[in-house]
Number of protein chains: 2
Amino acid sequence: MDEDDRVSRAFAALADPTRRDIVGRLAAGDATVGALAEPYDISIQAVSKHIKVLADAGLVSQRRDAQRRPCHLEAEVLDLMTKWIERYRRQAQERYERLDAVLAEMHDDERPIHLPRPHQGAAS
Amino acid sequence: MDEDDRVSRAFAALADPTRRDIVGRLAAGDATVGALAEPYDISIQAVSKHIKVLADAGLVSQRRDAQRRPCHLEAEVLDLMTKWIERYRRQAQERYERLDAVLAEMHDDERPIHLPRPHQGAAS
DNA sequence: TCTGTTGTCAACCATGTGGTTGAGCAGGAT
DNA sequence: ATCCTGCTCAACCACATGGTTGACAACAGA
């Protein structure tokens with residue numbers, strides 16, 4: 001499974017509120033499928049499927065303890081996600097600050113807002 | 001739209017590789033729908049729909065410039081996402097470190113790995 | 001006014017997703 | 001051996017999603 005796919009699965013996994021809630025509870029400590037299912041009024045099979053999605057995304061691992069399958073939160077993928085997000089957030093932020101500087105520098109020039117913005121050859 | 005829903009939409013939006021790529025390119029600067037669509041070999045309508053998803057998630061805004069609809073990356077929601085992730089990642093991390101400390105403290109005691117782990121009353 | 005450019009809307013299709021119920025497996029407990 | 005518990009698998013259903021094509025709205029320029 002390549003990196004991009006892992007990121008996709010991770011974001012898709014956390015797009016569901018029930019799964020986010022499960023992750024939140026697992027952050028406080030490992031728990032069995034049954035214990036995790038208890039607060040929701042959906043079937044235990046549905047919760048099992050949610051956990052499978054989280055596991056396939058690498059966000060959760062399950063060990064074996066007799067009939068029980070305790071779930072454990074794996075934080076690594078969370079790191080992957082923040083790294084992805086922060087990379088672009090920071091880039092946008094920096095660009096914004098640079099723009100601010102440009103605007104400040106030409107504060108007495110009456111150019112309209114349309115800055116050059118050179119983009120790869122298409123359009124216009 | 002409530003907060004949880006916004007987070008859901010944001011994660012769902014970034015679960016698609018094409019949309020992540022679009023966000024990545026927008027981080028470098030605003031761009032029109034046509035310019036954004038150019039590298040992909042899907043229809044421009046498909047790209048337009050992707051942008052709509054990003055806009056509904058609050059990740060992108062569009063202004064109007066004649067026929068063109070230049071897209072702009074809105075970084076706030078990215079912040080929301082990292083906050084959500086980091087909260088639980090940190091919590092899991094701390095728990096892990098605490099567990100390490102406990103294990104270190106009882107290094108000459110031969111207790112099995114099954115720590116008490118008090119969880120809300122269900123199961124076992 | 002007519003034409004070309006840019007983008008959205010609508011309808012449709014295939015596939016994926018979250019839920020259900022029912023069956024069944026693995027492994028204590030009696 | 002038998003039963004109960006904890007969980008997963010399989011089949012099914014309704015609906016969402018990503019893609020298509022075709023029509024058309026908005027606007028610049030001839």
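Residue numbers start from 1 in every chain, and the chains themselves are labelled A, B, ... in the order their sequence lines are given, proteins ahead of strands. We use all heavy atoms of the structure for the numbers below, so side chains are in, but hydrogens, waters and symmetry mates are not.
- Residue A:Gln67 has its side chain nearest to C:dA26 when only C:dA26, C:dT20, D:dA26 are considered.
- Hydrophobic cluster membership is shared by A:Ile44 and A:Ile51, with clusters built from Ile, Leu, Val, Met, Phe, Trp and Tyr side chains linked at under 4.5 angstrom.
- Distance A:Ile44 CD1 to D:dC4 P: 18 Å, rounded to the nearest Å.
- The nucleotide whose nearest atom lies closest to any side-chain atom of A:Ala46 is, among D:dT20, C:dT20, C:dG7, C:dT20.
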Exercise for the section: Evaluate salt bridge (charged side-chain N to carboxylate O under 4.0 Å, His left out) for A:Lys52 paired with A:Asp56, printing each intermediate quantity in order. Expected result: CA-CA 6 Å; A:Lys52 185 165 172 16; A:Asp56 287 347; 3.5 Å; yes

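- Between the P atom of C:dG27 and the CG atom of A:Asp65 lies a distance of 11 Å, rounded to the nearest Å.
- Contact annotation: B:Arg19 reaches the phosphate of D:dG18 (side-chain N/O to OP1 or OP2, under 4.0 Å).
- The listed nucleotides are C:dG18, C:dT5, C:dT20; the one nearest the side chain of A:Asp16 is C:dG18.
- Residue A:Lys49 contributes atom NZ, which lies 12 Å from atom P of C:dT21 at whole-angstrom precision.
- Considering only side-chain N and O atoms, A:Ser48 lies under 4.0 angstrom from the phosphate OP1 or OP2 of D:dT8.
- Within the 4.0 Å cut-off from OP1 or OP2 of D:dG19, at least one side-chain nitrogen or oxygen of B:His50 is found.
- The backbone N or O of A:Asp79 sits nowhere less than 3.5 Å from a side-chain atom of B:Arg89 that would complete a donor-acceptor pair.
- In this structure, CD of A:Glu38 is placed 13 Å from P of D:dG6, rounded to the nearest angstrom.
- In this structure, the NZ atom of A:Lys52 is 13 Å from the C1' atom of D:dC7, given to the nearest Å.
- Distance, B:Arg64 CZ to C:dG7 P: 10 Å, rounded to whole Å.
- Whole-Å rounding puts the A:Arg9 CZ to C:dG16 P distance at 12 Å.
- For A:Thr18, the listed nucleotide lying nearest its side chain is C:dG19; candidates were D:dT21, C:dG19, D:dC9.
- A perpendicular orientation is assigned to the rings of B:Phe11 and B:Trp84, their planes being inclined by more than 60° (bins at 30° and 60°).
- Side-chain contact annotation: B:Ser8 with A:Arg20, donor-acceptor N/O pair under 3.5 Å present.
- At a cut-off of 3.5 angstrom, counting only N and O atoms as typed in the model, there is no donor on one side facing an acceptor on the other between the side-chain of A:Gln45 and the base of C:dG18.
- Between A:Ser43 and C:dT20 there is a side-chain N or O to OP1 or OP2 distance below 4.0 Å.
- In this entry the distance linking CD1 of A:Ile42 with P of D:dC13 reads 21 Å, nearest Å.
- Close to C:dG7, at under 4.0 Å from its OP1 or OP2, lies no side-chain N or O of B:Gln62.
- Across C:dG27, D:dC7, C:dG18, the shortest atom-to-atom separation from the side chain of A:Val53 is found for C:dG18.
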